[in-house]
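As structure tokens, the structure follows; a few thoughts come after it.
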Amino acid sequence: MVNVAVLGARGRMGAEAARAVQAADKLDLVAELDVDNRLEELVEAGAEVVVDFTHPEAVMDNLRFCVEHGIHAVVGTTGFTDERLDQVRGWLADAPGVGVLIAPNFSVGAVLMMRFAEQAARFFPSVEVVELHHPLKADAPSGTAGRTAELISAARRRAGMGNVPDATTQEVDGARGARVGDVHVHSVRLSGLVAHQEVLFGGQDETLTIRHDSLARTSFMPGVVLGARTVVERPGLTVGLEHYLDLD
Ligand SMILES: NC(=O)C1=CN([C@@H]2O[C@H](COP(=O)(O)OP(=O)(O)OC[C@H]3O[C@@H](n4cnc5c(N)ncnc54)[C@H](O)[C@@H]3O)[C@@H](O)[C@H]2O)C=CC1
Ligand SMILES: O=C(O)C1=N[C@H](C(=O)O)C[C@H](O)C1
């Protein structure tokens, strides 16, 4: 059995993750903590793995505490920049046995959507990403959209592609979305939605749209459970659930 604690357990994802851990074989839910709790309670509960679904402003302190106390971490919270990832690598250098998985999206379908988009990128001069989420989401663009755009940009660079075609010279602020690398990313916030994304590619007289829909937060749970079971065997920093899915 692996002792698992959930941070952000009163939130939308944390509550779902606690239920999933409780129902999973070989995982034991030992603590459900939220903003009013002390991080020391993780140690008191004997947590070996922490699942973090909190807030971009809270996650770095949580992660640092876990690494310093030899607790593996499965992190779904978004807001990770290259600088933040480097900081985590620095902490892990002093804790060589500890594993950290940071995954912008735990849904297997979303991971495949990102992989397919990365594969398609070099064949299409035009690309845009549209992500659509519930209106209670704190960050825009979503972590998934940011990661998708980075993967596409890197694939375009490797293929020696130039800028995406775009004649816009006059623009109302924000009309062309945010730019992540080469890619314009558009964020929709709409009641009734959970988490959705379209990657639109355009070439000569054809388009390709890759769309993924998370229709409920249970869609993320097989990935969270896989993460909690696997992270104890994967020391160091892993970014993206694809590395636990044996995709290649
Ligand atoms: N990687 C993935 O597959 C997914 C990631 N997310 C990300 O997870 C994060 C949380 O999303 P939701 O659950 O929708 O948000 P939420 O607002 O429903 O829940 C966040 C919870 O964290 C708690 N919290 C805040 N600071 C804390 C701290 N310092 N210590 C302990 N608890 C703290 C809040 O009180 C709240 O209960 C967001 O960054 C979101 O983008 C959401 C869905 C899927
Ligand atoms: O906040 C959410 O809901 C989600 N956040 C993650 C993200 O920012 O990519 C994953 C998923 O899109 C749901």
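Predicted, not measured: the structure shown is a model, and the values here were computed from it. Counting convention: from 1, in listed order, for ligands and their atoms alike.
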- prompt: Okay, side chain of Asp52, backbone of Thr54: is any donor-acceptor separation there less than 3.5 Å?
  reply: yes

- prompt: Does an N or O anywhere in Gly14 fall below 3.5 Å from an N or O of ligand 1?
  reply: no

Pro104, any N or O under 3.5 Å of ligand 1 N or O: yes

- request: State the atoms of ligand 2, each with its element, that fall below the 4.0 Å cut-off from a heavy-atom position in Asn105.
  value: 10 (C), 11 (C), 12 (O)

message: If you define the side chain from C-beta out and look only at heavy atoms, does anything of Phe106 sit under 4.5 Å from Leu226?
response: no

query: Quick one: which of Asp34, Val35, Leu7 has a heavy atom closest to atom 35 (O) of ligand 1?
result: Asp34

Under 4.0 Å to a heavy atom of Asn105 - the qualifying atoms of ligand 1, by number: 1 (N), 2 (C), 3 (O)

message: Would you say that Leu42 contacts Cys66 through its side chain, given a criterion of any heavy-atom pair below 4.5 Å between the two side chains?
response: yes

- request: Could you tell me whether the side chains of His212 and Ser107 share a donor-acceptor contact shorter than 3.5 Å?
  value: yes

- request: Examine Gly76 against ligand 1 and note whether any of their N/O atoms are separated by less than 3.5 Å.
  value: yes

- line: In ligand 2, the atoms that come under 4.0 Å of a heavy atom of Ala195 are 11 (C), 12 (O), 13 (C)

- prompt: For ligand 2, which atoms, with element, lie under 4.0 Å from some heavy atom of Thr144?
  reply: 7 (C), 9 (O), 10 (C), 12 (O)

message: One residue to check: Glu57. Relative to ligand 1, which of side chain, backbone, both or neither has a non-hydrogen atom less than 4.0 Å away?
response: neither

query: Is there a donor-acceptor pair closer than 3.5 Å between any side-chain N or O of Arg179 and the backbone N or O of Val185?
result: no

- request: Flag yes if Val21 and Val49 sit in one hydrophobic cluster, no otherwise; membership is Ile, Leu, Val, Met, Phe, Trp, Tyr, and two members link when side-chain heavy atoms are under 4.5 Å apart.
  value: yes

field: Which residue and heavy atom of the protein sit nearest atom 17 (O) of ligand 1, plus the separation
entry: Arg12 NH2, 3.5 Å

- prompt: More than 12 foreign heavy atoms under 6.0 Å from CD of Glu206: is that the case here?
  reply: yes

- prompt: Do we see a donor-acceptor contact under 3.5 Å between the side chains of Gln197 and Thr148?
  reply: yes

query: Is there a nitrogen or oxygen of Asn62 sitting under 3.5 Å from a nitrogen or oxygen of ligand 1?
result: no

field: Within one Ile-Leu-Val-Met-Phe-Trp-Tyr cluster: Val199 and Leu193, side-chain cutoff 4.5 Å
entry: no

Where ligand 2 meets His134 - atom numbers and elements under 4.0 angstrom, heavy-atom basis: 1 (O), 2 (C), 3 (O)

query: Is Gly143 near ligand 1, meaning one of its heavy atoms is under 4.0 Å from it?
result: no

message: Tell me the protein heavy atom at minimum distance from atom 12 (O) of ligand 2, and give that distance in Å.
response: His133 NE2, 2.6 Å

message: What I'd like to find out is whether the side chain of Leu92 reaches to under 4.5 Å of the side chain of Val98, using heavy atoms alone.
response: yes

message: Does any part of the side chain of Leu112, heavy atoms only, come nearer than 4.5 Å to the side chain of Leu247, both counted from C-beta?
response: yes

task: Could you tell me whether Arg189 and Glu131 have a side-chain N and a carboxylate O separated by less than 4.0 Å?
output: yes

field: N/O separation below 3.5 Å, Gly143 to ligand 2
entry: yes

message: Measuring from atom 44 (C) of ligand 1, which candidate in His134, His55, Arg10, Met13 has the nearest non-hydrogen atom?
response: Met13

query: Relative to ligand 1, is Ser142 under 4.0 angstrom through side chain, backbone, both or neither, heavy atoms considered?
result: neither

field: For atom 1 (N) of ligand 1, closest protein heavy-atom neighbour
entry: Ala103 O, 2.9 Å

task: Identify the protein heavy atom lying closest to atom 29 (N) of ligand 1, giving its residue, its atom name and the separation to 0.1 Å.
output: Ala58 CB, 3.3 Å

message: For the CZ atom on Arg229, are there more than 12 heavy atoms of other groups (residues, nucleotides or ligands in this structure) within a distance under 6.0 Å?
response: yes

query: Do Met13 and Met221 come close enough that some side-chain heavy atom pair is under 4.5 Å?
result: yes

query: If we only count N/O pairs under 3.5 Å, is Thr78 in contact with ligand 2?
result: no

- prompt: Quick one: does Asn105's side chain get under 4.5 Å of Met113's, heavy atoms only?
  reply: no

- line: With heavy atoms and a 4.0 Å threshold, my read on which part of Pro104 contacts ligand 2 is backbone

field: In one Ile/Leu/Val/Met/Phe/Trp/Tyr side-chain cluster, 4.5 Å: Trp91, Val239
entry: yes

- line: Residue, atom and distance of the protein heavy atom nearest atom 4 (C) of ligand 1 read Phe53 CE2, 3.7 Å

task: Could you say whether the N/O atoms of Lys137 and ligand 1 ever approach to under 3.5 Å?
output: yes

- prompt: If you group Ile, Leu, Val, Met, Phe, Trp and Tyr by side-chain heavy-atom gaps below 4.5 Å, do Val75 and Leu85 land in one group?
  reply: yes

task: Among all protein heavy atoms, pick out the one at the shortest distance from atom 5 (N) of ligand 2; state its residue, atom name and that distance to 0.1 Å.
output: Lys137 NZ, 3.1 Å

- request: Using a 4.0 Å heavy-atom cut-off, say whether Phe106 meets ligand 1 through its side chain, its backbone, both or neither.
  value: both

task: Looking only at protein heavy atoms, identify the closest one to atom 33 (C) of ligand 1 and say how far it is in Å.
output: Thr54 CG2, 3.7 Å

field: Distance-only N or O hit between ligand 1 and Ser107, under 3.5 Å
entry: no

- prompt: Of the protein's non-hydrogen atoms, which lies at the shortest distance from atom 19 (O) of ligand 1, and what is that distance?
  reply: Gly11 CA, 3.2 Å

statement: For Ser142, the ligand 2 atoms with a heavy-atom partner under 4.0 Å come out as 7 (C), 8 (O), 9 (O)

task: Find all atoms of ligand 1 within a distance of less than 4.0 Å from any non-hydrogen atom belonging to Thr77, and give their numbers and elements.
output: 8 (O), 39 (O)

- prompt: Looking at atom 38 (C) of ligand 1, what's its closest protein heavy atom, distance included?
  reply: Thr78 OG1, 3.9 Å

- prompt: If we only count heavy atoms from C-beta on, is the Phe123 to Leu208 side-chain gap below 4.5 Å?
  reply: no

